[in-house]
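In this chain, numbering begins with 1 at the start of the sequence shown. Since the structure is predicted, the reported quantities are computational estimates derived from the model, not experimental observations.
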Amino acid sequence: MALAAGPVSLVLSALHLARTTGGFGNGQGRAGAVMGLLFAGTGIALGALALARTRRTGAVTTP
């Protein structure tokens, strides 16, 4: 799920950051867009690590 939602979040946060004008603290959500970029990158990295581990060990977890 993180590998699917991560790139979408990354693109949306980048678009929002590019469209806002002014600095931080002006109420346009610029700081939230930066945090979204960081969280999306983290989600992609962790999702890739989890997928690689699952493929390496052959483990399948069921809820």
What side-chain donor-acceptor pairs closer than 3.5 Å can you find for residues 3-13, not counting sequence neighbours?
residue: S13; atom: OG; partner: S9; partner atom: O; Å: 3.0

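Sequence neighbours left out, the pairs with a member in residues 29-49 that pass side chain to side chain donor-acceptor pair (under 3.5 Å) are T20-R30.
Atom CZ in R56 sits 9.0 Å away from atom CG in L49 (nearest 0.5 Å).
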